[in-house]
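Comments concern the structure below.
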Amino acid sequence: MDFKLTDEQQMLKEMCRSFAENELKPKAEHYDRTHEFPWEHVKKMGEMGLMGVVYPEKYNGAGMDYLSYAIAVEELSRGCASTGVICSAHNSLCLSPIYYFGTEEQKMKYLSRLCTGEWIGCFGITEPEAGSDAAGTKTTAEFKNGRWVLNGTKNFITNGGVANVAVVTAVTEKGIGHKGLSFFIIEKGTPGFSVGKTEDKLGICASSTTELVFDNCEIPEENLLGKKGDGFKIAMHTLDGGRVGIAAQALGIAQAAYDTAKAYAMERKQFGKSIASFQAIQWMIADMATEIEAARLLVYQAANYMNTGERQRYSKYSAMAKLFASETSHRVTHKAIQIHGGYGYVKDYPVERYYRDARITEIYEGTSEIQRLVIASNELKG
Ligand code: CAA
């Protein structure tokens, strides 16, 4: 497969890298420490077309392809992993189901505002008892007097506290498992819809992770997204795409940690020489560089399969890309701290933040164990 970037992809990469170097990286420590949401970065991403990368121009999107999207998330995450996931969850998890399953009215109403960054989106399938078992949803939606009435709580929702629009699953028919789930669009400010607990996290501290609470929340009939009963399949379709975004985020964090560790190894002197001259450090550098390159090939391959629309292929490859890139990010950030020694363990250097930020990529949008399950079930199909 040829990953030579087109002129448009190369320009996007350079634009995102310059934004990450000049604006995200200098502020990443501040946002990590204060846990403030980086509104200035979101505003700029809207201006740069990064809040609707793959969606058509008629909905105010940038009309680019999935490889461009993966490159954008990778570069953003190199500067600030929180900004990377804000972009990824918004693009892949909220806009994607509206684009693929929404009516033309829903697309015009929601995508046109979400793609510019005027509105931020979130996606709610996770609940206290429905994590890896996404079909274990307890939130209900009953159809009463021509309106849907939602009751229940979603948790660990990325962009939850800042989103203007949430797309969520709810049970519309009890007792039939995943076939009884449907998807809904809920707007901020709808009576009965509120943001619950905000999580205090290990990493990606500037991203908003909250509960969404529905207490007799009434929404119009037309806010059903897709067909009644298709909620689980819409969620799976959405996650197949979303996982490429998280894989790209993991890759960006790994690259940032590697760049920092390599520069440190060349500068730091012990026993009268730079530590990069010792074979113990060289082996770490070699392993880090090799794994990052392998992860990049998998991420770009998965993104290219998404461009072709070959569902079964990209479902498997996006799971492979997320599994490998997130575990690579873990190993690389671990080694980056090791190369820094004691300095890697304190906040004067960014590598301890990279290590904390990388950890979530093995958990959200499906744990590594779920990715292995998805890969194995695709491999073992007749
Ligand atoms: N695309 C379309 N349909 C799919 C599909 C896919 N990728 N995967 C499964 N399906 C269909 C199956 O074909 C089956 O359809 P039929 O009933 O018609 O045969 C149906 O869905 C049920 O499939 P399974 O029996 O395989 O479903 P399961 O209950 O065993 O679960 C699972 C499968 C892969 C474990 C799934 O539950 C899963 O992905 N879990 C992880 C959930 C997850 O990733 N959560 C992350 C939350 S979002 C998040 O983290 C966001 C953030 O913060 C950034």
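Atoms within each ligand, like the ligands themselves, are counted from 1 in listed order.
- Closest to atom 39 (O) of ligand 1, if we only count protein heavy atoms, is Arg243 NH2, 3.3 Å.
- Both Ile292 and Leu5 belong to a common hydrophobic cluster when Ile, Leu, Val, Met, Phe, Trp and Tyr are linked at side-chain heavy-atom distances under 4.5 angstrom.
- Distances from atom 26 (O) of ligand 1 to the protein include no heavy-atom value under 4.0 Å.
- Set against the non-hydrogen atoms of Ala134, the atoms of ligand 1 under 4.0 Å away are 37 (O), 42 (C).
- Val171 and Val149 fall into different hydrophobic clusters, where Ile, Leu, Val, Met, Phe, Trp and Tyr residues are linked whenever their side-chain heavy atoms come under 4.5 Å apart, directly or through other members.
- Minimum interatomic distance between Leu298 and Met320 (heavy atoms only, all atoms of both residues): CD1-O, 3.8 Å.
- Below 3.5 Å of separation, one finds an N or O of Gly366 facing an N or O of ligand 1.
- Considering only non-hydrogen protein atoms, atom 18 (O) of ligand 1 sits nearest to Lys233 NZ, 2.8 Å.
- In this structure, atom 21 (O) of ligand 1 has protein heavy atoms in its sub-4.0 angstrom surroundings.
- Looking at ligand 1, you won't find any N or O of Asp133 less than 3.5 Å from one of its N or O atoms.
- Salt-bridge annotation for Glu173 and Lys179: absent, with no side-chain N of the basic residue lying under 4.0 Å from a carboxylate O of the acidic one.
- Per-atom contact check: atom 52 (C) of ligand 1 touches the protein, criterion being a heavy-atom distance below 4.0 Å.
- Distance screen at 4.0 Å: atom 37 (O) of ligand 1 has a protein heavy-atom neighbour inside the cut-off.
- Across Glu369, His178, Glu365, His237, heavy-atom proximity to atom 50 (O) of ligand 1 is greatest for Glu365.
- In this structure, the protein non-hydrogen atom closest to atom 48 (S) of ligand 1 is Phe123 CE2, 3.8 Å.
- Shortest contact from atom 34 (C) of ligand 1 to any protein heavy atom: Val374 CG2, 3.9 Å.
- The Asp240 neighbourhood of ligand 1 comprises atoms 1 (N), 6 (C), 7 (N), with distances under 4.0 Å to a heavy atom of that residue.
- At a threshold of 4.5 Å between non-hydrogen side-chain atoms, the residues Glu352 and Lys347 count as touching.
- Distances between N or O atoms of Lys179 and those of ligand 1 include at least one value under 3.5 Å.
- Residues Leu95 and Gly52 share a closest heavy-atom pair of CD2-CA, 4.2 Å.
- A salt bridge (Lys or Arg N to Asp or Glu O under 4.0 Å) with Asp32 is found for exactly one of Lys201, Lys27, Arg356, namely Arg356.
- In this structure, Gly131 counts as a contact residue of ligand 1, since one of its heavy atoms falls inside 4.0 Å of the ligand.
- Atoms of ligand 1 lying under 4.0 Å from any heavy atom of Ser132, numbered from 1 in the order shown and given with element: 35 (C), 37 (O), 38 (C), 40 (N), 41 (C), 42 (C).
- Each of Phe184, Phe193, Trp148 was scored for a ring pair (Phe, Tyr, Trp, His ring centres under 6.0 Å) with Phe214, with one residue passing: Phe193.
- Residue contacts with ligand 1 for His90 are absent, since no atom lies close enough (heavy atoms, distance under 4.0 Å).
- Heavy atoms of Leu93 found under 4.0 angstrom from ligand 1 belong exclusively to the side chain.
- Between Arg147 and Glu218 a salt bridge is recorded (basic side-chain N to carboxylate O distance below 4.0 Å).
- Scanning the protein heavy atoms around atom 31 (O) of ligand 1, the nearest turns out to be Phe232 CZ, 3.8 Å.
- For atom 2 (C) of ligand 1, the nearest protein heavy atom lies closer than 4.0 Å.
- A salt bridge is absent between Lys197 and Glu211; no separation between the charged side-chain nitrogens and carboxylate oxygens falls under 4.0 Å.
- A salt bridge is absent between Lys109 and Glu222; no separation between the charged side-chain nitrogens and carboxylate oxygens falls under 4.0 Å.
- Close approach of ligand 1 to Thr126 is summarised as follows: ligand atoms under 4.0 Å from at least one heavy atom of the residue are 47 (C).
- The closest protein non-hydrogen atom to atom 4 (C) of ligand 1 is Met236 CB, 3.8 Å.
- Both Trp39 and Leu114 belong to a common hydrophobic cluster when Ile, Leu, Val, Met, Phe, Trp and Tyr are linked at side-chain heavy-atom distances under 4.5 angstrom.
- Look at Lys58 and Glu104 and you find a salt bridge, because one of the NZ, NE, NH1 or NH2 atoms lies within 4.0 Å of a carboxylate O, short of that distance.
- Proximity of Thr210 to Val162: side-chain heavy atoms (C-beta onward) are nowhere separated by under 4.5 Å.
- Proximity of atom 13 (O) of ligand 1 to the protein is not indicated, since no non-hydrogen protein atom lies closer than 4.0 angstrom.
- The proximity of Ser315 to ligand 1, defined as any non-hydrogen pair under 4.0 Å, is limited to the side chain.
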